[in-house]
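All values reported here derive from a predicted model rather than from experimental measurement.
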Amino acid sequence: MTHSGRHFLQIPGPSNVPDSVLRAISYPTIDHRGPEFQELFSHVLAGMGDIFGTANQVVIYPATGTGAWEAALVNTLNAGDEVLFFETGHFSTLWTGLAEKWGLKPTVIPGDWRTGADPDKVREVLAADTDHRFKAICVVHNETSTGVTSRIPEIRRAIDESGHPALFMVDTISSLGSVDYRHDEWKVDVTVSGSQKGLMLPPGISFNAVSQKALDAHKHSTLPKSFWDWTEMLASGKNGQTPYTPNTNLLYGLKEALRMLNEEGMDNVFARHQRFAKATRAAVEAWGLEVLCTNEDEHSPVLTAVIMPEGHDADELRKIILDKFNMSLGAGLSNLKGTVFRIGHLGDLSDLTLAGTLAGVQMGLQLAGVPIKQGGLEAALDVLKDK
């Protein structure tokens with residue numbers, strides 16, 4: 001079917017890329033060993049430090065978030081090291097699998113995919129680990145598959161109270177630039193992220209923010225690394241350079257995205273995402289449907305995962321909405337396939353865009369024969385009108 005108007009990309013990432021970022025990406029490529037590139041790269045390194053909330057130099061890779069996962073592990077750990085993971089959804093499971101492939105030994109605290117990593121469980125497990133077998137603790141900040149945000153400051157406090165020396169690693173791939181995050185203040189050792197969510201870029205840039213403790217561990221890490229090696233990346237970055245060919249045009253886009261975020265002000269960006277999430281949940285509740293996340297203080301500002309009523313298929317609903325209204329919603333992943341759909345409300349998004357998104361969902365639910373109450377869109381608008 002041919003559709004008029006623009007496509008509504010309302011998956012929870014990759015998110016919509018603003019026109020000014022697209023224009024920046026289209027600039028002519030420059031000599032990546034020349035002074036103009038040095039200025040560009042130094043600028044985005046400093047800007048990303050501000051976004052992460054760190055005074056240390058950030059590592060920028062021409063890769064996706066999966067590469068940043070790998071970089072975090074291979075730069076700090078050794079074969080056979082035991083690592084504590086928390087099963088909060090599909091992406092925490094993928095990170096665990098990557099660790100296994102590197103010869104690490106993950107211990108997984110099981111979860112129900114409706115709640116985040118439990119700080120009390122962190123405290124309990126680490127207090128019992130008197131031999132300090134665990135060398136790292138890995139947590140996904142915002143689990144994209146479930147719409148659940150783990151409470152990183154509380155987890156940090158639990159680690160401190162247990163007196164455990166393990167490295168603390170956090171995945172912010174779907175939260176950075178949309179959800180309040182403070183690498184230094186929360187004493188995170190390695191923060192992992194990517195370009196295609198809150199930073200409003202296409203996939204292709206990934207990041208590690210690192211603490212001094214992580215850098216000290218790096219000196220003794222024996223896992224193989226070449227492309228991911230922090231030593232070469234940090235040394236080159238000090239001079240506004242990279243040890244291999246950078247993705248220059250995406251870095252143009254990153255510079256523009258940073259300008260946009262700073263112009264709006266990060267506190268305003270965070271508040272906007274909270275408003276959009278609250279409006280979306282208001283619509284879901286008014287429809288008589290259920291949000292997957294069960295903890296009030298763990299609702300994601302980035303996306304909302306909605307449970308389909310029994311006997312109705314989420315993928316069929318998504319197909320109807322795509323065919324009829326030219327809007328893409330997120331699918332349920334692995335354990336949640338067919339049982340949930342995900343509404344992305346992150347990045348380059350306005351009140352009217354969200355209202356249009358929720359109107360499309362409401363019409364789609366009706367066309368799919370899903371029994372809903374009327375008034376979901378109106379409930380969302382009541383939230384949106386109060387800025």
> Could you tell me which non-hydrogen atom of Gly5 sits nearest to which non-hydrogen atom of Asn326, and how far apart they are?
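For Gly5 and Asn326, the tightest heavy-atom pair comes out as O-ND2, 4.3 Å.
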
> Would you check if Trp186 and Phe168 make a side-chain contact, meaning some heavy-atom pair closer than 4.5 Å?
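Not in contact.
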
> Should Met200 and Leu251 be counted in the same cluster of Ile, Leu, Val, Met, Phe, Trp and Tyr side chains packed under 4.5 Å apart?
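Same cluster: Met200 reaches Leu251 through Ile, Leu, Val, Met, Phe, Trp or Tyr contacts under 4.5 Å.
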
> Can a donor-acceptor pair be found between the side chains of Thr248 and His32 at a distance below 3.5 Å?
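Checked: Thr248/His32 side chains show no N/O donor-acceptor pair below 3.5 Å.
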
> Side-chain contact test, heavy atoms from C-beta onward, threshold under 4.5 Å: evaluate it for Asp50 versus Leu258 and give yes or no.
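No - every pair of side-chain heavy atoms lies 4.5 Å or more apart.
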
> Quick one: CE on Met266 to OG on Ser178, what's the gap to the nearest 0.5 Å?
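One finds 7.5 Å between CE of Met266 and OG of Ser178.
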
> Any donor-acceptor pair under 3.5 Å linking the side chain of Arg342 with the backbone of Gly147?
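Such a contact is absent between Arg342 side chain and Gly147 backbone.
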
> Show the atom names and distances, to 0.1 Å, of all donor-acceptor pairs under 3.5 Å that link a side chain in residues 102-112 to residues at least two apart or in another chain.
residue: Asp112; atom: OD1; partner: Arg114; partner atom: N; Å: 2.8
residue: Asp112; atom: OD1; partner: Thr115; partner atom: N; Å: 3.2
residue: Asp112; atom: OD1; partner: Thr115; partner atom: OG1; Å: 3.0

> Between Thr149 and Pro301, is there a side-chain heavy-atom distance shorter than 4.5 Å?
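Touching, per the 4.5 Å side-chain cut-off.
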
> So does Thr357 get a backbone contact from the side chain of Gln10, meaning a donor-acceptor N/O pair under 3.5 Å?
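No: the side chain of Gln10 does not pair with the backbone of Thr357.
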
> Salt bridge between Asp315 and Arg318, side-chain N to carboxylate O under 4.0 Å?
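Yes, charged N to carboxylate O under 4.0 Å.
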
> Would you name the heavy atoms of Pro14 and Pro203 that are closest together and state the gap between them?
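For Pro14 and Pro203, the tightest heavy-atom pair comes out as CG-CG, 3.8 Å.
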
> Please lay out, stage by stage, how Trp287 and Val361 fare under the test side chain to side chain contact (heavy atoms under 4.5 Å, CB included).
CA-CA 10 Å; Trp287 289 326; Val361 174; 3.6 Å; yes

> With sequence neighbours left out, write down each residue that passes side chain to side chain contact (heavy atoms under 4.5 Å, CB included) with Arg123, or none if nothing qualifies.
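Once residues adjacent in sequence are excluded, the partners of Arg123 under the side chain to side chain contact (heavy atoms under 4.5 Å, CB included) criterion are Asp120, Ala158, Glu161.
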
> Look only at the side chain of Ser150 and the backbone of Ala117, and say whether a donor-acceptor pair between them is shorter than 3.5 Å.
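Here the side-chain-to-backbone pair exists.
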
> Give me the atom names and distance for the closest heavy-atom approach of Val122 to Ile159.
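It is CG1-CG1, 3.9 Å.
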
> Is it the case that the side chain of Asn142 and the backbone of Val179 share a donor-acceptor pair, with hydrogens and angles ignored and the cut-off at 3.5 Å?
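Absent.
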
> Would Thr76 and Asp189 count as a side chain to side chain contact (heavy atoms under 4.5 Å, CB included) if you check the C-alpha gap in whole Å, the side-chain angles of each, and the deciding distance to 0.1 Å?
CA-CA 10 Å; Thr76 55; Asp189 293 302; over 6 Å; no

> With distance as the sole test, does Glu298 use its side chain to make a donor-acceptor pair with the main-chain N or O of Gly116 at under 3.5 Å?
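Yes; at least one donor-acceptor contact below 3.5 Å.
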
> Taking Asn295 for its side chain and Asp297 for its backbone only, find out whether a donor-acceptor pair lies under 3.5 Å.
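Not at all, since once roles are kept as given, no pair shorter than 3.5 Å links the two residues.
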
> Who passes side chain to side chain donor-acceptor pair (under 3.5 Å) against Ser175, sequence neighbours left out?
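For Ser175 the side chain to side chain donor-acceptor pair (under 3.5 Å) partners, ignoring immediate neighbours, are His141.
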
> Please report the closest heavy-atom contact between Gly163 and His132, naming both atoms and the distance.
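Shortest heavy-atom contact: O-NE2, 4.2 Å.
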
> Would one find more than 12 heavy atoms of other residues, nucleotides or ligands at under 6.0 Å from atom CD of Glu36?
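Counting neighbours around CD of Glu36, 12 or fewer heavy atoms of other residues, nucleotides or ligands fall under 6.0 Å, so no.
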
> Would you please test Thr353 and Phe8 for side chain to side chain contact (heavy atoms under 4.5 Å, CB included) and show each step?
CA-CA 8 Å; Thr353 309; Phe8 270 58; 4.2 Å; yes

> Please report the interatomic distance OG1(Thr172) to CD1(Ile51), rounded to the nearest 0.5 Å.
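So the OG1 of Thr172 and the CD1 of Ile51 are separated by 10.5 Å.
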
> Give me the ring orientation class for Phe37 and Phe41: parallel if the planes are under 30° apart, tilted from 30 to 60°, perpendicular past 60°.
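Phe37 and Phe41: parallel rings.
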
> In chain order, what residues pass the salt bridge (charged side-chain N to carboxylate O under 4.0 Å, His left out) check against Arg157, with sequence neighbours excluded?
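For Arg157, no residue satisfies salt bridge (charged side-chain N to carboxylate O under 4.0 Å, His left out) once neighbours in sequence are set aside.
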
> Flag this pair as yes if the NZ/CZ of Arg272 is under 6.0 angstrom from the six-membered ring centre of Phe270 and inside a 45 degree cone about the axis; otherwise no.
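Pair Arg272/Phe270 does not count as cation-pi.
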
> Does this structure show an ion pair linking Asp129 with Arg133, if we count only N-O contacts that are shorter than 4.0 Å?
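So Asp129 pairs with Arg133 through a salt bridge.
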
> Does Val284 share a hydrophobic cluster with Ile307, counting links as ILVMFWY side-chain heavy atoms below 4.5 Å and allowing steps through other members?
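Val284 and Ile307: separate clusters.
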
> So, are Glu285 and Arg281 salt-bridged, with charged N and O less than 4.0 Å apart?
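No, no charged N to carboxylate O under 4.0 Å.
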
> Verify the cluster assignment for Leu201 and Phe207: are they in a single hydrophobic cluster under the rule of side-chain heavy atoms below 4.5 Å apart?
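As far as the 4.5 Å side-chain criterion goes, Phe207 and Leu201 are connected within one cluster.
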
> Does Glu70 reach the main-chain N or O of Leu98 with its side chain, forming a donor-acceptor pair under 3.5 Å?
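Flag not set: sc Glu70 to bb Leu98 has no pair under 3.5 Å.
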
> Side chain of Lys225, backbone of Val74: donor and acceptor closer than 3.5 Å?
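Here the side-chain-to-backbone pair exists.
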
> Does Lys278, at its NZ atom, have more than 12 non-hydrogen atoms belonging to other residues, nucleotides or ligands within less than 6.0 Å?
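At most 12 heavy atoms, drawn from other residues, nucleotides or ligands, come within 6.0 Å of this atom.
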
> Treating Ile, Leu, Val, Met, Phe, Trp and Tyr as nodes and any side-chain heavy-atom pair under 4.5 angstrom as an edge, say whether Leu346 and Leu292 lie in one connected cluster.
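Different clusters: Leu346 never reaches Leu292 through Ile, Leu, Val, Met, Phe, Trp or Tyr contacts under 4.5 Å.
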
> Of the options Lys213, His220, Gln212, which is the one that meets Asp216 in a side chain to side chain donor-acceptor pair (under 3.5 Å)?
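With Asp216 as partner, Lys213, His220, Gln212 yield a single side chain to side chain donor-acceptor pair (under 3.5 Å), made by Gln212.
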
> Report yes if the side chains of Leu199 and Ile205 come closer than 4.5 Å at any heavy-atom pair, otherwise no.
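Of all side-chain heavy-atom pairs linking Ile205 with Leu199, none is under 4.5 Å.
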
> Which residues pass the ring-ring contact (aromatic ring centres under 6.0 Å, His included) test with His7, sequence neighbours left out?
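In terms of ring-ring contact (aromatic ring centres under 6.0 Å, His included), with neighbours along the sequence ignored, His7 is linked to no residue.
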
> Can you check whether Ala217's main-chain N or O pairs, donor with acceptor, with Ser221's side chain at less than 3.5 Å?
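No: the side chain of Ser221 does not pair with the backbone of Ala217.
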
> How far does CG of Asn56 sit from OG1 of Thr191, to the nearest 0.5 angstrom?
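It comes to 11.0 Å.
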
> Do the non-hydrogen side-chain atoms of Leu215 and Leu234 ever get within less than 4.5 Å of each other?
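Heavy-atom side-chain distance check passes, below 4.5 Å.
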
> Applying ring-ring contact (aromatic ring centres under 6.0 Å, His included), name anything that partners His299, two or more places apart in sequence or on another chain.
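Not a single residue meets the ring-ring contact (aromatic ring centres under 6.0 Å, His included) criterion with His299.
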
> So do Leu250 and Pro62 actually touch side chain to side chain, heavy atoms under 4.5 Å?
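Result no, sub-4.5 Å side-chain heavy-atom pair not found.
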
> On the 0 to 90° scale, with breaks at 30° and 60°, tag the Phe91-Trp69 ring pair as parallel, tilted or perpendicular.
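Answer is tilted, since the angle falls between 30° and 60°.
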
> Would you call Glu316 and Lys319 a salt bridge, taking side-chain N to carboxylate O under 4.0 Å as the test?
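Here Glu316 does not pair with Lys319 in a salt bridge, since their nearest N and O are not under 4.0 Å apart.
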
> In Å and rounded to the nearest 0.5 Å, what is the CZ to NE2 distance from Phe134 to His164?
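It comes to 7.0 Å.
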
> Among side-chain atoms of Trp95 and Asp171, is any donor-acceptor pair under 3.5 angstrom?
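There is no such pair (donor and acceptor under 3.5 Å, judged by atom type) between the side chains of Trp95 and Asp171.
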
> State whether a side-chain donor-acceptor pair under 3.5 Å links Asp348 with Ser15.
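Checked: Asp348/Ser15 side chains show no N/O donor-acceptor pair below 3.5 Å.
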
> Find the distance between CD (Glu87) and OG1 (Thr96) and round it off to the nearest 0.5 Å.
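If I round to the nearest 0.5 Å, the distance is 8.5 Å.
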
> What about the rings of His273 and His345, do their centers lie closer together than 6.0 Å?
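No, the ring of His273 stays outside the 6.0 Å limit from the ring of His345, centre to centre.
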
> State, to 0.1 Å, how close Gly204 and Thr64 come at their nearest heavy-atom pair, and which atoms those are.
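Between these two residues, the closest heavy atoms are N-CG2, 4.4 Å.
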
> Please name the pair of heavy atoms, one in Ala209 and one in Thr54, separated by the smallest distance, quoted to 0.1 Å.
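Result for this residue pair: CB-CG2, 4.4 Å.
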
> Nearest 0.5 Å please: distance from the CG atom of Leu303 over to the SG atom of Cys293.
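Leu303 atom CG to Cys293 atom SG measures 9.5 Å (nearest 0.5 Å).
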
> If we ignore hydrogens and angles and just use 3.5 Å, is the side chain of Ser211 paired with the main-chain N or O of Ala214 as donor and acceptor?
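Judged by distance alone, yes, a pair lies under 3.5 Å.
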
> Side-chain contact test, heavy atoms from C-beta onward, threshold under 4.5 Å: evaluate it for Phe276 versus Asp351 and give yes or no.
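Yes, close enough: below the 4.5 Å cut-off.
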
